[in-house]
There are 2 protein chains.
Amino acid sequence: MSAAVPTILDVAARAGVSKSVVSRVLTGAPGVASATRERVQAAATELGYVANAMAQGMVARRTHTLGAFVRDAATPFYGHLLTALQERASAVGYRVVTATGSGTFPVSEERRALETLVSLRVEGLVVCSGALPVEDVLPLAARVPTVVAGRPERSPALSSVYCDEHGGGRALAEHVHALGHRRVVVLTLEPTTSLTLSPRSHAMAARLRELGVHVTQLRAEDHRDARLDGVGEVVESALAERATCLMTASDRYAVAALEALRARGLSAPEDLSVTGYDGIGDLAGPLLGLTSWRQPLDVVGALAVEEVTAAIDARAADAEVVTRHRAVDGSLLVGRTAGRP
Amino acid sequence: MSAAVPTILDVAARAGVSKSVVSRVLTGAPGVASATRERVQAAATELGYVANAMAQGMVARRTHTLGAFVRDAATPFYGHLLTALQERASAVGYRVVTATGSGTFPVSEERRALETLVSLRVEGLVVCSGALPVEDVLPLAARVPTVVAGRPERSPALSSVYCDEHGGGRALAEHVHALGHRRVVVLTLEPTTSLTLSPRSHAMAARLRELGVHVTQLRAEDHRDARLDGVGEVVESALAERATCLMTASDRYAVAALEALRARGLSAPEDLSVTGYDGIGDLAGPLLGLTSWRQPLDVVGALAVEEVTAAIDARAADAEVVTRHRAVDGSLLVGRTAGRP
DNA sequence: TTGTACGCGTTATCAT
DNA sequence: ATGATAACGCGTACAA
């Protein structure tokens, strides 16, 4: 139960060589007698030696580490994004250190968390937060390659990868139209409420209108949040208007609508078709059978890592770092909650 | 757009002092003329100076960092746990670096991720993984204070904080009994399938029997996973036996059961009461109204941080480090899916 | 009040 | 093939 963490010197002493040799063996450098090499290996494992990444980073000026900041790992959206980042990063030889806030964190804390990442001298930064203003990210982006992931962002000073909200909303609307719906209620949100939910919901309404569908927009802000009763009013309105489909901006809203229907002894899609949006997590499984739009967070994560690493390489090669904004397409999730009218 | 990261020397040069003075100012040490202090502050912010945590850690031999390892941040369970850890840790002055695997990671990768954390010289380790064998954690635990969070663990060499599966299962069973159910089907799992789902499900069945309830155990292993059709068979059996309630080991199973009911034109709790377990994430919201058992992951996270930091302090004070195993109680989530028979 | 010098653990360069 | 030594950026005794 040695409290003291072994250093390279301990390994060297145990193997009866100098620390230089140990370093060479451990980094896989050539020019060490195979007998010596084995002695060193043995000594290292016996001691349970793990190299001090900080000391390595100091001299190597490389940490092989990406910093990921996610607003709240407890939400499926960020959780999946985080996992995708992790997976891709380790595939291309980077480790990931994560700083996560929580829903209750003030933005000032998010800023501090970002600084933590920078203080760790991560080589690249992936910022996933719908709340953190880009102004807070910019100064860091000037120093370390940065990509904002998961939200639309168009500052030319950094790269971004996000889901195509507009395209997704339109495509889902087309699906609803193709099913034959001609009277549809769309639950819309304003940009001030959400930078992601707003564009997708307005895109749905706009596309439906283009297709000649009778559309009624109901603003979520006029009702009580995503609570059951708030959406209940929306469902009531939809039924009163003789609409055959209700399009919502997220799976949570959709589930709330389904419950509101059930509370009235009705169900989807028989009495009213219902669509969601997100396609992530438990709500999107085959269990509920939601008709929705799946955001490819694995792709977003992978591309985000791709962008940072490219920027890192470019900077290392002293080449010009080009920033890009990439919108990725989602895919239709055909479920059982939306059918023919 | 300076690619070069400013060091303490840059700040010193800009302020026209030596780096010692800068260090004192930034660490808040006394004995600096206030005029000088301000000059240094100004220089630091102008340069956007962020201290190199690695260099600091090397000399201070303290990193003020906790390492959290979570098996898969994409699942609500681990996501919430991670957030809880983060929240508590930053409240007590520690930063958290996280390494997360993903559902598809082999255990060898988990081991590597843990080493990454150790190489970063975190002062304490919180391990959240139902999959990683304790043997892989033990060697690290000997070196850095470690606590296993979120799964029952009784190795005396480290501390653990987890949910009381046994007590939860019993309490939920008592609720079902109190509702008046006398014929109940319990969907059980074996320990080889899951270290958490198994004990809770068996505790439910045992407690019900103690209370004189007629219990039929159906092994999940005998059916096709948690898929809709697999649980469909279970629901069929329950109805055929004229059971009034179906207890499952997780909210996912419960939702599957609800859907199976719906597919047959039936519903809960009218035709069959259904209970879940977990109480985390979207499935547990008021939307679905699941009757379930809520695992207090925020408490688990907070206690886990409390345990590690206590161990860190003890070790620093050269006192004896006591390991503890703490089971925390959950709470009943009264929903709409279980009613009187 | 301020500056000098040393060491933390590691890699890389240069001798040997 | 191996060993000594200089950095890396920072905190901190100690000297001025």
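The sequence lines fix the lettering, A, B, ..., with proteins before strands; numbering per chain opens at 1.
Considering A/Glu153, A/Arg326, A/His325, A/Arg324 in turn, A/His325 is the only one that fulfils the side-chain hydrogen bond (donor to acceptor under 3.5 Å, both in side chains) rule with A/Ser160.
Taking side-chain N and O atoms only, B/Arg37 has no distance below 4.0 Å to OP1 or OP2 of C/dT1. For C/dT4, neither phosphate oxygen OP1 nor OP2 lies less than 4.0 angstrom from any side-chain nitrogen or oxygen of B/Ser18.
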Going through the checks in order, is the side chain to side chain contact (heavy atoms under 4.5 Å, CB included) test met by B/Leu125 and B/Leu117? CA-CA 8 Å; B/Leu125 222 40; B/Leu117 255 21; 4.0 Å; yes
Test side chain to side chain contact (heavy atoms under 4.5 Å, CB included) on B/Val5 and A/Arg121 and set out the steps. CA-CA 9 Å; B/Val5 179; A/Arg121 293 299 184 263; 3.6 Å; yes
Does A/Asp72 form a side-chain hydrogen bond (donor to acceptor under 3.5 Å, both in side chains) with B/Thr83? I'd like the steps, not just the answer. CA-CA 7 Å; A/Asp72 183 3; B/Thr83 301; 3.3 Å; yes
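Checking side-chain atoms of A/Arg151 against main-chain N and O of A/Ser129 turns up a donor-acceptor pair under 3.5 Å. A side-chain donor-acceptor contact under 3.5 Å links A/Gln86 to the backbone of B/Thr100.
Annotation for A/Val134 and A/Ser155: closest pair CG2-CB, 4.1 Å, computed over non-hydrogen atoms. Closest non-hydrogen pair, A/Tyr94 versus A/Ile312, comes out as OH-CG2, 3.7 Å.
Salt bridge present: A/Arg112 and A/Glu109 bring a charged side-chain N and a carboxylate O closer than 4.0 Å.
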Can you give one letter per nucleotide of nucleotides 11-16 of chain C, 5' to 3': B if a protein heavy atom sits under 4.0 Å from the base, S if only from the sugar-phosphate, - if neither? BBB---
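Each of B/Pro30 and A/Met58 was assigned the nucleotide of DNA chain C with the nearest heavy atom; the assignment lying further toward the 5' end belongs to B/Pro30.
If you measure from atom CZ of B/Arg121 to atom C1' of C/dG9, you get 9 Å, rounded to the nearest angstrom.
Counting heavy atoms from C-beta outward, B/His64 and A/Thr116 have side chains that stay 4.5 Å or more apart.
Helix bend of the helix from C/dT1-D/dA16 to C/dT16-D/dA1: the angle between its two end axes, each built from five pairs, comes to 50° after rounding to 10°.
Extent of DNA chain D lying under 4.0 Å from chain A heavy atoms, first and last nucleotide in 5' to 3' order, is D/dA1 to D/dG9.
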